[in-house]
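In what follows, every chain begins at residue 1, and chains take the letters A, B, ... in the order their sequences are listed.
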Protein chains: 2
Amino acid sequence: MKDTDDKLTSRNIKPTAMRELVLDILTEQKMAISLSDLEQKFHKSDRVTLYRTLKTFEEKKLIHSIDDGTGAVKYALCKETCQCHPEELHVHFLCLKCQHTFCLSDIPIPSINLPVNFSVENINMVVKGVCSNCKD
Amino acid sequence: MKDTDDKLTSRNIKPTAMRELVLDILTEQKMAISLSDLEQKFHKSDRVTLYRTLKTFEEKKLIHSIDDGTGAVKYALCKETCQCHPEELHVHFLCLKCQHTFCLSDIPIPSINLPVNFSVENINMVVKGVCSNCKD
DNA sequence: AAGTTTATGCAACTGAGTTGCAAACTAATC
DNA sequence: GATTAGTTTGCAACTCAGTTGCATAAACTT
Ligand SMILES: [Mn+2]
Ligand SMILES: [Mn+2]
Ligand SMILES: [Zn+2]
Ligand SMILES: [Zn+2]
């Protein structure tokens, strides 16, 4: 998996077997997945290793985390060049029927006029509703 | 506490001693508080009762909850007439220094153009950064 | 090869949120 | 005022996500 390795090394992450595997799984996903979801994609796996792998990936901005209020943080790949700055962030969508969490990568988070002397470092915007698949 | 009672009854919540007490504490707060925060305002209290009180308050839209990603949901009073519809919602702010969560009641959540056939029921928008008190 | 750093696996713990159940309390009916 | 029915409260116990410590294994450094 040369391609996978490159993605890891370009983010300064040492490409171990575990990490390649996790990155490949993340790449396959159409929606954001939680640590538990990830764990279940392995037959035998250690929760803590996966946990630390996700932490590393997030620190290095290979993935971003989404707190959609369901109780489990979800993760999804960042775009190649993403540095997760406030201007680069996108809206997320939680479907209340299928419980899937989508990256609305094309929808940037609108900028906000904060009160004076408040400064932004990060923004989490989660829209909840019904997705197109679940629309009756 | 006639005023407190009125607020409760107007939202169809039976005014018990516990509920009056909790509502009074919530009314005093300048920022949103968590269940644990609330618990610590009592000398002797039962976490579960407070938990259920907050749940009831939220169901009846006397308060709204804020998931600011700190691991503990915060709560704050709604405005008198609030029905917590998407158009009525406001932005929240988490200060990464003092960890306080503010209701930016004057800043409505901007409306978003969702992909076709996606519908909104609720939105959570939390801006993280440094508040005016913590600005160095 | 020996030594150093980094990653992994297992056990154990924390803390938020939640449920079940019995006792206490309230409101309604006789 | 006693009887009943419905609601609220308090306590115990549990779930589950997230986290830490530590010992082993693997990967780099000299
Ligand atoms: Mn995303
Ligand atoms: Mn608020
Ligand atoms: Zn759906
Ligand atoms: Zn602050």
Task: Atom-pair distance (CG on Asp5(B); P on dT26(C)), nearest Å - done: 13 Å
Open item on the list: Among dT8(C), dG18(D), dC11(D), which nucleotide has an atom closest to any side-chain atom of Lys44(B)?
Closed with: dC11(D)
TODO: Starting from C1' on dG6(D), measure out to CD1 on Ile13(B) and report it in whole angstrom.
DONE: 18 Å
TODO: Would you indicate what Arg19(A) reaches in the nucleic acid, counting non-hydrogen atoms under 4.0 angstrom: base, sugar-phosphate, or nothing?
DONE: sugar-phosphate
Task: Arg11(A) side-chain N/O to Glu80(A) backbone N/O, donor-acceptor pair under 3.5 Å - done: yes
Task: Separation of dA16(C) P from Glu39(B) CD (nearest whole Å) - done: 9 Å
Task: Distance-minimising heavy-atom pair for Gly69(B) and Lys128(B) - done: CA-NZ, 4.3 Å
Open item on the list: Does dA7(C) have its OP1 or OP2 closer than 4.0 Å to a side-chain nitrogen or oxygen of Thr53(A)?
Closed with: no
- [ ] Let me know the distance between CD of Glu59(B) and C1' of dT18(C), rounded to the nearest Å.
- [x] 14 Å
Open item on the list: So which atom in Leu114(A) and which in Ser119(A) form the shortest heavy-atom distance, rounded to 0.1 Å?
Closed with: CD1-C, 4.2 Å
Open item on the list: Applying a 4.0 Å non-hydrogen cut-off, can you work out what Ser34(B) is touching in the nucleic acid: base, sugar-phosphate, or nothing?
Closed with: nothing
Open item on the list: Quick check: any donor-acceptor pair below 3.5 Å linking the side-chain of Arg52(A) to the base of dG9(C)?
Closed with: yes
Task: Gap between atoms CD and C1', on Glu58(A) and dG18(D) respectively (whole Å) - done: 13 Å
Open item on the list: Output the rounded distance in Å from CG (Asp67(B)) to C1' (dG17(C)).
Closed with: 12 Å
Open item on the list: Nearest heavy atom decides the nucleotide; on that basis, is Ser36(A) or Val48(A) closer to the 5' end of DNA chain D?
Closed with: Ser36(A)
Open item on the list: Between Lys14(B) and Tyr75(B), which residue's closest nucleotide on DNA chain C lies nearer the 5′ terminus?
Closed with: Tyr75(B)
TODO: Hey, can you tell me if Phe102(A) and Phe93(A) have their rings parallel, tilted or perpendicular (30° and 60° cut-offs)?
DONE: tilted
Task: Value in whole Å for how far the P atom of dG10(D) lies from OH of Tyr51(B) - done: 16 Å
- [ ] On DNA chain C, check which nucleotide each of Asp46(A) and Val73(B) is closest to and give me the residue with the more 5' one.
- [x] Asp46(A)
- [ ] Classify the nucleic acid contact of Thr49(B) as base, sugar-phosphate or nothing, counting any heavy atom under 4.0 Å across all strands shown.
- [x] base
- [ ] Return the value, rounded to whole Å, for the distance between atom NZ of Lys55(B) and atom P of dT8(D).
- [x] 15 Å
TODO: Kindly assign one of parallel, tilted or perpendicular to the pair His64(B) and His92(B), based on the angle between their ring planes and the thresholds 30° and 60°.
DONE: tilted
